[in-house]
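Note that the numbering runs from 1 along the sequence shown for the chain. From a predicted model like this one, the values you see are computed outputs, not experimental measurements.
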Amino acid sequence: MSTSHYFSISGLLSGEPKGKKYVIGVTAYKTERIEGRDWISFATDTWNLRVFKVTTAWNNGTGRNTGASGYATIYRHYHNGENIVMDSTARASNPRNNPKAKNPNDNPLRVDPWFRVIEYRKRANGEAGNAILPEHGRDTKDTETIQVGNGSQWYSPNNMIVGVHLGRWIEEDEVFHYDAHTHLQVSTTKGLHREDHWEADTGVQTFTHLDNPF
């Protein structure tokens, strides 16, 4: 008689940038024959989990104009019980002898990354209206120059968190609309000016009390 069982849910659950909630339940049954009769006992356990959908720039990889290797990724854009936060990273490197590069191999590259969250007004029907400015939690990193052959440079906003401070959970009658954006700009510093941009954007996400932590 088997006393253990393994199962996998990998690839079975879809995710969202703000996290999609699931409850996984497992019930174990046991049959015993006592005094000529079959008795069934069981035990049930459940787990709460949230599945996130990673948002990446469509052109992650080698830039067409500068030859830089660039990446912009948003891992999560969710409510953590206190804030609406964005967990993201941008990075760039200047590879040597890149056959796809349009710039000379001795061309240092200028790197300008920034991160932001925008809030949108709520219309009467509950949908998102116009953007509310200024942007929340905008984090513009200092410009850096990457020499040819340098390794990847990582940029993480405020320990990888940019967001809007609520200081509380979302009430049942409240609706918020936010959009998270990570932007990486790389440009040449010698010869003809060329630029590449990597943009990861979640699109407008609607947050309600259902998006509070478990």
Side-chain angles (χ1 to χ4, degrees), residues 10-11 14-19 50-80 83-120 131-165 178-205:
S10 177
S14 61
E16 298 176 354
K18 63 178 182 175
R50 184 180 290 188
V51 180
F52 294 91
K53 180 182 179 181
V54 176
T55 304
T56 59
W58 67 268
N59 58 334
N60 273 353
T62 301
R64 297 179 179 179
N65 299 312
T66 64
S69 178
Y71 296 85
T73 303
I74 299 174
Y75 299 104
R76 298 182 295 176
H77 176 43
Y78 68 108
H79 181 37
N80 67 358
N83 307 287
I84 303 294
V85 300
M86 173 177 66
D87 180 350
S88 65
T89 295
R91 69 183 176 99
S93 62
N94 189 3
R96 187 182 301 277
N97 298 324
N98 189 336
K100 296 183 180 181
K102 296 181 180 180
N103 60 296
N105 288 332
D106 65 343
N107 201 331
L109 297 177
R110 170 182 168 135
V111 183
D112 295 281
W114 52 270
F115 310 80
R116 65 105 176 104
V117 173
I118 288 183
E119 182 178 0
Y120 290 80
I132 300 175
L133 299 177
E135 301 161 344
H136 288 275
R138 185 181 176 104
D139 189 340
T140 301
K141 294 300 182 180
D142 293 337
T143 298
E144 292 195 22
T145 299
I146 300 179
Q147 301 297 325
V148 176
N150 273 16
S152 297
Q153 304 294 311
W154 289 86
Y155 303 89
S156 300
N158 299 333
N159 294 323
M160 300 183 73
I161 293 180
V162 166
V164 183
H165 180 64
Y178 299 103
D179 169 74
H181 186 89
T182 292
H183 196 114
L184 174 67
Q185 176 181 324
V186 178
S187 56
T188 56
T189 60
K190 293 182 180 181
L192 182 64
H193 180 81
R194 299 181 186 276
E195 289 185 1
D196 282 308
H197 295 261
W198 290 265
E199 299 180 70
D201 194 287
T202 62
V204 179
Q205 304 292 308

Are the side chains of S187 and H193 in contact, using a 4.5 Å heavy-atom criterion? yes
Donor-acceptor check, side chain of N94 to backbone of A68, threshold 3.5 angstrom: yes or no? no
When you measure from the side chain of N107 to the backbone of K190, do you find a donor-acceptor pair of N or O atoms at a distance under 3.5 Å? yes
If you compare all heavy atoms of G19 against all heavy atoms of R50, which two are closest, and at what distance to 0.1 Å? CA-CG, 3.4 Å
T202 versus K18: any side-chain heavy-atom pair under 4.5 Å? no
H181 side chain near I74 side chain, heavy-atom distance below 4.5 Å: no
Are V111 and L184 close enough that some pair of their side-chain heavy atoms sits under 4.5 Å apart? yes
Compare all side-chain heavy atoms of N59 with those of R64 and state whether any distance is below 4.5 angstrom. no
All heavy atoms of V164 vs all of V117, minimum pair found to be CG2-CG1, 4.0 Å
Verify side chain to side chain contact (heavy atoms under 4.5 Å, CB included) between W114 and D112, making sure each step is shown before the conclusion. CA-CA 7 Å; W114 52 270; D112 295 281; 5.6 Å; no
Taking the side chain as everything from C-beta on, heavy atoms only, tell me whether Q205 gets closer than 4.5 Å to Y78. no
Supply the atom-to-atom distance W58 CH2 to E199 CD, rounded to the nearest 0.5 angstrom. 10.0 Å
H197 versus E195, side-chain donor and acceptor atoms under 3.5 Å: yes
Roughly how far apart are L109 CG and T145 OG1, rounded to 0.5 Å? 9.0 Å
Look only at the side chain of R116 and the backbone of D179, and say whether a donor-acceptor pair between them is shorter than 3.5 Å. yes
Pair D196 + R194, salt bridge at N-O below 4.0 Å: no
Please report the shortest heavy-atom distance between A200 and A72, naming the atom on each side. CB-O, 3.6 Å
When rounded to the nearest 0.5 angstrom, what distance separates OG1 in T66 from CD in Q185? 10.5 Å
Heavy-atom pair with the smallest gap, counting every atom of P108 and V148: N-CG2, 4.5 Å
Note: N83 and N80 closest approach over all heavy atoms is N-OD1, 2.7 Å
Would you say the side chain of V186 lies within less than 4.5 Å of the side chain of W198, judging by non-hydrogen atoms? yes
With the side chain counted from C-beta on, respond yes when I118 and I132 share a heavy-atom pair under 4.5 Å apart, and no when they do not. no
